[in-house]
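This report refers to the structure that appears directly beneath it.
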There are 2 protein chains.
Amino acid sequence: MRARVEQLKSGRKRVLEACHEPCPIERGMRLIGGKWKGSILWHLKDGPVRFNDLARMLGGASKKMISQRLKEMEDMDLLKRKVLNEQPVAVTYEITPFGRSALGILEELKDWSEHQGI
Amino acid sequence: MRARVEQLKSGRKRVLEACHEPCPIERGMRLIGGKWKGSILWHLKDGPVRFNDLARMLGGASKKMISQRLKEMEDMDLLKRKVLNEQPVAVTYEITPFGRSALGILEELKDWSEHQGI
DNA sequence: CAGAATCCAACCGGATACTG
DNA sequence: CAGTATCCGGTTGGATTCTG
């Protein structure tokens, strides 16, 4: 899976996986289906969240996992990293419009899980 | 992630992952988010499909992958395996009502992928 | 046709310790 | 606080070969 970079009007870049799966479902899963990715996005829906708060929300994920995923998701333009101030360092992660466009799927998934008693 | 077995009225069993993630999104992803799982389910929506046909539809997946996923998904009651006849052996995979209940999510995912040009 | 068996390299992800 | 660095065992998944 190789990355393709698309220039956005905003000046930022969106890295799309040059994932040549014929199936759009598989391609979508590569973006938001990885471990923790959906959860991360979901927890950002009500506003920016700080790193350690996110870690607490995710419960089982290690810092390493989280920072890896966050980096990937920033590259894909699903979220944006912001350094607020220094001493002590404060960083927040904020969902982008593109990331927000995926929330509907996640909400359906959430409802499904809950209704099916999973 | 340990399995819990639930007895269904049909007599079949559904293996639910005793996945204690606090987040329902993460739990749902464990069921239909794995590599190929969503695609498999999607390709079964119009009726039973045979093993090799499925392999062709999925393009990049090896037989090993597919048979592993199919087994997992049968255990989770997302689909049902049926041996049709013998010489040469014919087997089809058919989506269950439970599996069908997840199709809405996959359809949204598919639309999203296509509209976002992923 | 529909897999199972085996081999093996690559990656994943947890634990721990360290940094600015 | 928000990570990075390193170690390391376990899992994943491709390639290949074999079977009823």
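Since we're looking at a predicted model, the values are computed, not measured. Letters A, B, ... are given to chains in the order of the sequence lines, protein chains preceding strands, and every chain is numbered from 1.
- Here the straight-line distance linking atom NZ of Lys71(B) with atom CD of Gln68(B) works out to 8.0 Å at 0.5 Å rounding.
- Side-chain contact check for Lys37(A) versus Leu31(A): every heavy-atom pair is 4.5 Å or farther apart.
- Candidate nucleotides dG3(D), dC1(C), dC1(D) were compared by shortest atom distance to the side chain of Pro88(A), and dC1(D) ranks first.
- Glu94(A) pairs in a salt bridge (Lys or Arg N to Asp or Glu O under 4.0 Å) with only one of the listed residues (Lys80(A), Arg81(A), Lys82(A)), which is Lys82(A).
- Phosphate proximity of dA4(C) to Lys71(B): present, with a side-chain N or O under 4.0 Å from OP1 or OP2.
- In this structure, the nucleotide among dA2(C), dG3(D), dG14(D) sitting nearest to the side chain of Phe51(B) is dA2(C).
- Here dA9(C) presents its P atom at 14 Å from NZ of Lys64(B), a figure rounded to the nearest Å.
- Nucleotides of DNA chain C nearest to Lys63(A) and Trp36(A) differ in position, and the one nearer the 5' end is that of Trp36(A).
- The distance between atom CG of Leu70(A) and atom P of dT4(D), rounded to the nearest whole Å, is 10 Å.
- Side-chain N/O atoms of Ser67(A) include none lying less than 4.0 angstrom from OP1 or OP2 on dA2(D).
- With contacts defined as side-chain heavy-atom distances shorter than 4.5 Å, the pair Met29(A)/Glu21(A) does not qualify.
- In this structure, CD of Glu74(B) is placed 15 Å from P of dA2(C), rounded to the nearest angstrom.
- Rounded to whole angstrom, the span from the CD atom of Glu21(B) across to the P atom of dG13(C) amounts to 12 Å.
- Contact annotation: Ser62(A) does not reach the phosphate of dG13(C) (side-chain N/O to OP1 or OP2, under 4.0 Å).
- In this structure, the NZ atom of Lys82(A) is 18 Å from the C1' atom of dA2(D), given to the nearest Å.
- For the OP1/OP2 pair of dA2(C) and a distance below 4.0 Å, the side-chain nitrogens and oxygens of Arg81(B) include no atom meeting the criterion.
- Note on Arg50(B): a side-chain N or O is less than 4.0 Å away from OP1 or OP2 of dA2(C).
- Side-chain proximity of Asn52(B) to the nucleotides dG13(D), dA2(C), dG13(C) is greatest for dA2(C).
- Within the 4.0 angstrom heavy-atom criterion, base atoms lie near Val89(A).
- When the P atom of dG3(C) is taken as reference, atom CE of Met65(B) falls 15 Å away, rounded to whole Å.
- Atom CD of Gln87(B) and atom C1' of dG20(D) are 8 Å apart (whole Å).
- In this structure, Arg69(A) atom CZ and dA2(D) atom C1' are separated by 18 Å, rounded to whole Å.
- No option in Leu103(B), Val49(B), Ile40(B) other than Leu103(B) meets the side-chain contact (heavy atoms from CB on, under 4.5 Å) test with Ile95(B).
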